[in-house]
Visitor: 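Structure below; questions to follow.
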Amino acid sequence: MSLKLFNTLTRSKEPFVPLKEKQVGMYVCGVTVYDYCHVGHARAAIVFDTMFRYFQYLGYEVNFIRNFTDIDDKIINRANDKGMDWQEITHKYTVAFHEDMGKLNIASPTEEPKATDHIPEMLSMIQSLIDQNKAYAIDGDVFYSIKSFKDYGCLSGKNINDLQSGARVEVNETKRNPLDFALWKKSKPGEPFWNSPWGAGRPGWHIECSAMSKKFLGDTFDIHGGGKDLVFPHHENEIAQSCGCTGQQPVRYWVHNGFVNIDKEKMSKSLGNFFTIREIYKKYHPEVLRLFLISSHYRSPIDFSEKNLDDATKVLTRFYEGLAGARNKTATMDLKLVPDFQEKIKNHPLTKKFEVAMNDDLNTAVVMAHMNEELKNLNSAVKDKNSANLEEVAVATAAWETAGRILGLFFLTPEEFEKELFEIKNRDLGLEVSKIEQLIANRNAARQSKNWTEADRCRDDLVQMGVLIEDTPNGTEWKLK
RNA sequence: GGCACCGUCGCCAAGUGGUAAGGCAGAGGUCUGCAAAAUCUCUAUCGGCGGUUCGAGUCCGCCCGGUGCCUCCA
């Protein structure tokens, strides 16, 4: 039983066998830093963050590279529109990226290289392609000649003839073949540029990933990831460049995540139907967004809607409440004194189910199902007055928490989560805690004197305000609806 | 036009060819002064029609419906 991953290159699930034992090299396409990230970016980040965490859990040493594209037409255009320096733009949105992703519990990759820090590496790769007659320079531009690469189209399943007959291929008179793509672009006056053997210019989009992955991971590495929309042309072109340069297939497993849709349509800038991550944070807790995005398989399209986020909020609230109860139950225990604690976690049925699901192409949706079922057991055990099974509860709790953490959940304490969730929900309601607590005190006073009519009236008032209350052995607790 | 993918309970969502996980919503029970929470029980034959097979949601064909890629895009 070992990890299987769906490889876009072969269109099948394959057992994952690393190039070097117990080590993984993975490169994931990051973002172009010219705007705030939207939910689609969040999904890609979460998918590969989860993969990263799971590899570490399996005991691999992971070299995880995620780049920033910090030079590109969109950046230059944005800078011109805003009257800002292009580097101010890239800096601003790089900072925003870290902020937004940080709240999603996205762990830091091993390296986060920037394209502009690797111009020399790109130049040498381009030169090598020219030397091998696989690229040609014309008037300051350099293009890759796709005719030089017989396998062009192998990743996306396209053939060159079909592509050429398509009406949407860009017209550019200077290219020998309409499908040839830019490795180096001559800069126009006023645009940022770097000097090169072919004149002042800037790199084409695709070459940065080839150059940086080669630098950090070598000519051939294990995994290259990104959104499905990068399969063609970006990753196709990367293969052509890297393979052309080194003669090696650069990547063993190509992994692509599906889109985030809105009303069945792809969320995208051009359609204008996107939500930025920070917009979502105004109404939903970041961890809710994460849970929502892992509740379906990473390759399936996922429909983004408030209803789905509301459902995810309910699930996560229940998870944290269950966690609070379970931790509370074993609070007096010193877990270090439990014999073979780690071993017991490892052998817990939930851990086994978790691994089976994750090994099947990272099936986080199935993991969620198992966690929901295990939560029932946990809740029952917590309620059970018999304390003989305390150790069992501690082990089950730890197993459950461990699984959740690999999916990027439970990075807050239940108390912190409750507090943050309240603040988010209260943004619209604007309720005062003191007022709520006063009403609850009134109700409890009425209950003391068995004045049920008055007690119920207080509760109705609270419900009207959007406050739900629960009478527990520890007193009356409340939360927002 | 070319190439892919998808269509499972009211909604969301899993499903190596052997008679459908889980969540939300809904119904009923336990608990509770009543509630809430928790817990228990219940609710689908898988877009349609054929075929292969002892057996198909799961493979093949056709049809209907939807999406994506072929241009920048996670």
Side-chain angles (χ1 to χ4, degrees), chain A residues 4 8 11 13 28-32 34-35 37-48 69 72-74 77 153 156-159 161-171 179 205 225-234 236 256-261 263-271 274 291-292 295-297 299-303 305 307-315 317-318 321-322 325 353 357 360 363-380 382-383 447 450-453 455-456 459-460 463 468-472 476-479:
Chain A
K4 285 185 180 172
T8 308
R11 264 172 235 168
K13 276 186 212 170
V28 174
C29 287
V31 294
T32 301
Y34 76 106
D35 205 346
C37 290
H38 63 220
V39 180
H41 298 110
R43 185 177 198 190
I46 286 168
V47 165
F48 293 102
T69 299
D72 151 283
D73 288 351
K74 292 191 293 292
N77 292 338
S156 54
K158 299 182 185 307
N159 71 65
N161 294 332
D162 289 345
L163 285 168
Q164 284 174 334
S165 62
R168 295 166 72 190
V169 174
E170 156 193 1
V171 180
L179 294 174
W205 173 35
K228 263 195 167 75
D229 45 0
L230 298 181
V231 173
F232 189 92
H234 185 52
E236 197 72 72
H256 294 98
N257 64 274
F259 297 135
V260 175
N261 290 165
D263 294 331
K264 311 273 182 196
E265 270 188 327
K266 176 186 170 185
M267 179 185 291
S268 74
K269 293 266 162 131
S270 46
L271 285 169
F274 63 92
L291 187 140
F292 163 65
S295 62
S296 55
H297 185 85
R299 282 189 286 114
S300 308
I302 186 167
D303 219 40
S305 71
K307 163 76 165 68
N308 289 340
L309 287 178
D310 288 337
D311 283 358
T313 304
K314 287 178 193 167
V315 172
T317 302
R318 203 158 42 78
E321 284 173 358
K353 289 183 198 165
D360 186 13
N363 199 332
T364 54
V366 166
V367 174
M368 294 300 299
H370 295 323
M371 285 184 68
N372 269 300
E373 288 199 310
E374 185 58 29
L375 180 58
K376 285 183 197 168
N377 297 336
L378 266 179
N379 283 332
S380 298
V382 166
K383 229 168 60 175
R447 290 172 72 217
K450 299 205 191 300
N451 184 349
W452 307 126
T453 320
D456 288 350
R459 187 177 55 205
D460 289 345
V463 170
L468 299 178
I469 55 173
E470 285 174 38
D471 297 323
T472 77
T476 301
E477 294 177 359
W478 63 273
K479 63 182 173 189

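Chain naming here is simple, since letters A, B, ... match the order of the sequence lines and numbering starts at 1 in each.
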Visitor: Taking salt bridge (Lys or Arg N to Asp or Glu O under 4.0 Å) as the definition, give me every residue that meets it alongside A:Lys228, ordered by chain and number, with sequence neighbours left out.
Guide: none

Visitor: With both distances under 3.5 Å as the test, what is the Watson-Crick or G-U wobble partner of B:rC42?
Guide: B:rG26

Visitor: Between the base of B:rC34 and the side chain of A:Asp471, is there a donor-acceptor distance below 3.5 Å?
Guide: yes

Visitor: Students often get this wrong, so: under 4.0 angstrom with heavy atoms, is A:Met267 touching a base, only sugar-phosphate, or nothing?
Guide: base

Visitor: Among the nucleotides B:rA21, B:rG2, B:rG68, which one has an atom lying closest to any side-chain atom of A:Lys158?
Guide: B:rG2

Visitor: Compare the minimum distances between each of B:rA74, B:rC72, B:rG22 and the side chain of A:Asp229, then state the nucleotide with the smallest one.
Guide: B:rA74

Visitor: When you measure only distances, ignoring hydrogens and angles, does the side chain of A:Asp456 come within 3.5 Å of the base of B:rG33 through a donor and an acceptor?
Guide: yes

Visitor: Salt-bridged, A:Arg447 to A:Asp471, with N to O below 4.0 Å?
Guide: yes

Visitor: Tabulate atom names and distances for all N/O pairs under 3.5 angstrom spanning the protein and nucleotides 6-15 of chain B.
Guide:
from   : atom 1 : to       : atom 2 : distance (Å)
B:rA14 : OP1    : A:His297 : N      : 2.6
B:rA14 : O3'    : A:Asn363 : ND2    : 3.1
B:rG15 : OP1    : A:Asn363 : ND2    : 3.0

Visitor: Looking across every strand, which nucleic acid part, if any, lies under 4.0 Å from A:Val260 by heavy atom: base, sugar-phosphate, or nothing?
Guide: base

Visitor: Could you please name the option among B:rG68, B:rA35, B:rC72 that lies closest to any side-chain atom of A:Lys74?
Guide: B:rC72

Visitor: Nearest to the side chain of A:Ala369, heavy atoms from C-beta on, is which of B:rA21, B:rA74, B:rA25?
Guide: B:rA21

Visitor: Is A:Lys314 salt-bridged to A:Asp310, going by a charged N under 4.0 Å from an acidic O?
Guide: no

Visitor: Do the non-hydrogen side-chain atoms of A:Thr317 and A:Lys479 ever get within less than 4.5 Å of each other?
Guide: yes

Visitor: Quick check on B:rG23: is either OP1 or OP2 less than 4.0 Å from any side-chain nitrogen or oxygen of A:Lys376?
Guide: yes

Visitor: When rounded to the nearest 0.5 angstrom, what is the spacing between NE2 in A:His38 and CZ in A:Arg43?
Guide: 11.5 Å

Visitor: Could you let me know what B:rG65 is paired to, Watson-Crick or G-U wobble, both distances under 3.5 Å, or none if it's on its own?
Guide: B:rC6

Visitor: Where the side chain of A:Arg11 is concerned, which of B:rA4, B:rU39, B:rG33 is the nearest nucleotide?
Guide: B:rA4

Visitor: Considering every strand and a 4.0 Å limit on heavy-atom distances, what is the contact class for A:Asn257: base, sugar-phosphate, or nothing?
Guide: base

Visitor: Counting heavy atoms from C-beta on, name the nucleotide in B:rC70, B:rG68, B:rA37 closest to the side chain of A:Phe232.
Guide: B:rC70

Visitor: Check this one for me: any side-chain N or O of A:Lys314 less than 4.0 Å away from OP1 or OP2 of B:rA25?
Guide: yes

